[in-house]
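Everything on this sheet refers to the single structure shown next.
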There are 2 protein chains.
Amino acid sequence: MSPRRVTLADVAKIAGVSPTTASLVLSGRGRELRISQDVEQRVLKAAAELQYRPNIVSVGLRTGTTRTIGFISDTVATTRLAGDMIKGALEAARERGFMLFIGETEGDAELERLLLQAMHDRQVDGIILASMYTRTIKVPKGMATAPAVLLNALPKQPSPLPSVIPDEIEAGRVAARALLDAGHREGIHLIGAGPGRRNVPAGGSVAAVERLIGIREVLAEAGVKPAGGHVCPDWQPEYGLAVTRELLKKERPKALICFNDRVALGAYQALDDFGLEVPADVSVVSFDDHPIASWMRPQLTTVALPHYELGRKAVDVLFTEIGRDREDDGGEGEVHRVPMPIRPRESVASPAA
Amino acid sequence: MSPRRVTLADVAKIAGVSPTTASLVLSGRGRELRISQDVEQRVLKAAAELQYRPNIVSVGLRTGTTRTIGFISDTVATTRLAGDMIKGALEAARERGFMLFIGETEGDAELERLLLQAMHDRQVDGIILASMYTRTIKVPKGMATAPAVLLNALPKQPSPLPSVIPDEIEAGRVAARALLDAGHREGIHLIGAGPGRRNVPAGGSVAAVERLIGIREVLAEAGVKPAGGHVCPDWQPEYGLAVTRELLKKERPKALICFNDRVALGAYQALDDFGLEVPADVSVVSFDDHPIASWMRPQLTTVALPHYELGRKAVDVLFTEIGRDREDDGGEGEVHRVPMPIRPRESVASPAA
DNA sequence: TCGCACTGCTAATCCGATTTAGCAAACCTG
DNA sequence: CAGGTTTGCTAAATCGGATTAGCAGTGCGA
């Protein structure tokens with residue numbers, strides 16, 4: 001049915017040389033090993049004519065390198081953002097001729113172990129262990145035996161593995177600055193966490209902690225105190241709605257910093273319920289740049305999670321790990337922070353006089 | 001650094017037998033080939049002790065089967081739904097001990113060719129070619145040489161490849177029935193396509209055509225004529241908003257069938273602008289069950305795209321293709337339709353008196 | 001006791017590349 | 001012109017298993 005693949009032996013036969021010679025030429029070591037111009041040309045020509053492509057499985061067996069990396073995440077499907085992360089990784093990998101295996105653990109450690117095994121059984125050259133929201137994770141043992149990178153995650157225990165995470169602290173600063181720049185000084189409420197350093201949802205979300213740090217830092221520098229902070233058990237629209245409603249029963253805020261766009265969606269609904277207009281009455285900044293941010297009306301100004309860039313960066317870092325000499329003791333668990341750009345839209349204005 | 005993998009030879013040595021014998025036992029052919037109980041036990045014990053796992057790369061080279069399938073789609077990231085499709089495929093594959101390579105073409109035929117090559121170079125056992133929205137696609141030549149399945153897509157030219165698509169016609173019927181069952185008979189408007197069979201957006205979207213067929217069929221059977229149909233150039237919120245606004249300037253509809261949830265989001269905004277309440281004044285049904293459907297207020301009743309199930313089904317079908325005897329002439333381009341379940345929520349009610 | 005069948009296991013080959021070791025011919029060199 | 005170098009290429013081993021062919025040893029019938 002399918003015509004047999006062209007092998008190196010076929011090329012060698014057509015070119016009238018041994019497979020060894022063909023291999024040498026095609027791997028670019030012909031010059032170095034004194035293969036004549038003539039033979040080199042013949043091999044190249046034969047390979048081109050037959051459209052020869054080396055069988056990577058065979059190469060993998062011989063050399064141990066499969067031009068393949070494993071991407072294991074806790075969830076693929078939950079957010080559209082996860083897709084961007086994979087996409088970034090995918091493209092960066094493809095640019096180097098690598099393919100991606102993907103696997104999803106759903107947070108199940110046993111499944112994670114199985115996937116790791118399955119990937120090692122297939123001789124992947126490296127592994128990206130990704131979390132779909134930024135947090136600290138327990139690094140499965142045996143991870144350090146092959147090149148690996150944590151993506152959107154930090155190791156719970158000290159680990160030699162490098163991590164790639166969004167720069168949430170800077171994001172917090174940027175969000176706060178957006179309000180300050182618009183002239184806000186008072187009535188700034190935090191929706192989703194705060195106002196104190198410790199007022200964060202349970203679950204070890206790095207985003208909550210770090211965004212809060214950045215926000216508090218910039219506000220403090222400007223001599224501004226947040227008028228209030230409102231923790232949500234989970235950053236979902238319904239909690240954003242509930243928490244903002246409670247707030248509005250007591251106060252008229254001038255600006256909201258919502259800890260993510262879903263929370264902001266709920267906040268919008270609450271503001272609408274109370275007859276308040278965004279941004280005329282209340283400015284809103286948020287985080288994530290979820291697709292709904294640009295569907296909301298008015299469109300939401302938000303600090304974007306750079307998922308695509310995170311994915312790319314993880315691959316870059318993984319390649320330096322792979323390239324690292326196997327002998328030297330490996331890295332120091334370096335943390336790479338990827339900038340989070342703000343997307344200025346329509347939800348921030350100067351405070352009403 | 002990393003302790004060398006345990007090989008079959010290691011197991012054989014510990015068990016005191018030849019690699020051949022070990023291989024026979026471990027592949028379950030020991031009984032058949034008259035290996036003694038004693039030896040069998042020794043091999044099994046050694047394998048367990050050493051935690052032996054066969055190197056799939058090696059097996060791949062020898063047997064040509066890598067327990068791997070390739071999943072190529074036009075986009076991974078655009079919609080969260082795509083993720084569900086991959087997830088379904090991923091889980092179905094994993095249940096059989098298979099891994100997934102993923103690749104994204106972005107609609108670029110050249111890239112598609114490259115990815116296909118890269119996957120064949122890695123000896124995948126089969127390929128799933130997926131589209132992120134249901135449509136007809138040009139099947140790349142050379143696809144038929146290996147087991148393959150079209151997912152969420154139909155071949156533009158006749159092809160022996162099987163397809164897996166959502167049952168959009170039935171979905172259209174279900175949506176229409178939801179309104180009829182609530183008692184609607186008049187003022188039913190279609191937002192996104194219709195009212196005529198031909199009034200669909202350009203671009204070869206199967207969804208538009210088939211949903212419309214189902215809707216028209218059920219309405220016709222009930223002797224109901226849609227009060228109007230409103231094509232959108234693209235099914236995005238802004239068009240839903242614009243089109244619905246135009247409609248509301250002229251008429252007071254009783255019910256809307258929106259062709260997807262993003263369009264419905266726009267329609268909600270328009271209804272809100274005109275002071276109309278869902279579902280008291282106007283009922284709304286939609287398609288897709290995008291995450292926003294349950295975030296909207298009132299929550300949107302919608303006929304779900306079964307992305308997860310589509311992914312699973314594609315893998316199932318692919319496995320029957322792989323299992324199919326290589327000699328027989330292959331399938332007939334069978335089309336597998338996956339049911340689309342309705343998610344009844346809050347946006348449909350009986351028409352106001 | 002010879003021949004044959006059966007039992008229980010192993011040697012050897014193969015998959016498709018890479019890589020090491022080495023060989024024959026041409027070329028110097030003193 | 002013998003002996004050493006260089007040039008240009010190839011045989012053979014290797015990666016880790018699967019598979020085919022076949023080899024000892026035992027039992028049994030004639």
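First the proteins, then the strands, lettered A, B, ... as listed; each starts at 1.
Among the protein residues, Ser23(A) comes within range of the nucleic acid bases, having at least one heavy atom under 4.0 Å from a base atom. Counting any heavy atom pair closer than 4.0 Å across all strands shown, Thr20(B) reaches a base atom. Within the nucleic acid shown, Thr21(A) comes within 4.0 Å of at least one base atom, counting heavy atoms only. No engagement by Val57(A) is indicated, since no non-hydrogen atom pair under 4.0 Å with the nucleic acid exists. At a threshold of 4.0 angstrom between heavy atoms, the contacts of Leu8(A) include nucleobase atoms, whether or not backbone atoms are also involved.
Whole-Å rounding puts the Arg34(A) CZ to dA24(C) C1' distance at 13 Å. Atom P of nucleotide dA18(D) and atom CD1 of Ile35(B) are separated by 14 Å, given to the nearest angstrom. Separating the CZ atom of Arg29(A) from the P atom of dC9(D) is a distance of 15 Å, rounded to the nearest angstrom. Atom-to-atom, CG of Leu50(A) to P of dG16(C) comes out at 15 Å; the value is rounded to the nearest Å. The separation between Leu61(B) atom CG and dC15(C) atom C1' is 4 Å, rounded to whole Å.
The pair Arg135(A)-Asp74(A) meets the salt-bridge criterion, since a charged nitrogen lies less than 4.0 angstrom from a carboxylate oxygen. Ion pairing of Asp38(B) with Arg42(B) is present here, as a side-chain N (NZ or NE/NH1/NH2) and a carboxylate O approach within less than 4.0 Å. With respect to Asp10(A) and Arg5(A), no salt bridge is recorded, no charged nitrogen being found less than 4.0 Å from a carboxylate O.
For the helix from dT1(C)-dA30(D) to dG30(C)-dC1(D), the end axes, each set by the C1' atoms of five terminal pairs, are bent relative to each other by 80° (nearest 10°).
In this structure, Ser27(A) does not reach the dT18(C) phosphate: none of its side-chain N or O atoms is under 4.0 Å from OP1 or OP2. Residue Tyr52(B) places none of its side-chain N or O atoms closer than 4.0 Å to OP1 or OP2 of dG16(D).
Checked against dG16(C), dA11(D), dT10(C), the side chain of Ser18(A) finds its nearest nucleotide in dA11(D). Nearest nucleotide to the Ser36(A) side chain, out of dG16(D), dT10(D), dG8(D): dG8(D).
When the nearest nucleotides of DNA chain C are assigned to Arg62(B) and Arg42(B) by heavy-atom distance, the more 5′-ward of the two goes with Arg42(B). Taking the nucleotide of DNA chain C with the nearest heavy atom to each of Gly16(B) and Ser58(B), the more 5' of the two is matched to Gly16(B). Across the interface with DNA chain D, nearest-nucleotide mapping of Gln123(A) and Leu24(B) shows Gln123(A) to be the residue nearer the 5′ end.
Within the 4.5 Å cutoff, no side-chain heavy atoms of Ser73(B) are placed close to those of Ile102(B). Looking at heavy atoms from C-beta onward, Phe98(A) lies out of side-chain contact with Val315(A) at the 4.5 angstrom threshold.
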Fill in: Steps toward salt bridge (charged side-chain N to carboxylate O under 4.0 Å, His left out) verdict (Arg94(A), Glu104(B))
CA-CA 10 Å; Arg94(A) 200 197 56 228; Glu104(B) 189 177 334; over 6 Å; no

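More than 12 heavy atoms of other residues, nucleotides or ligands lie within 6.0 Å of CD in Glu95(A), so this atom counts as buried by the packing criterion.
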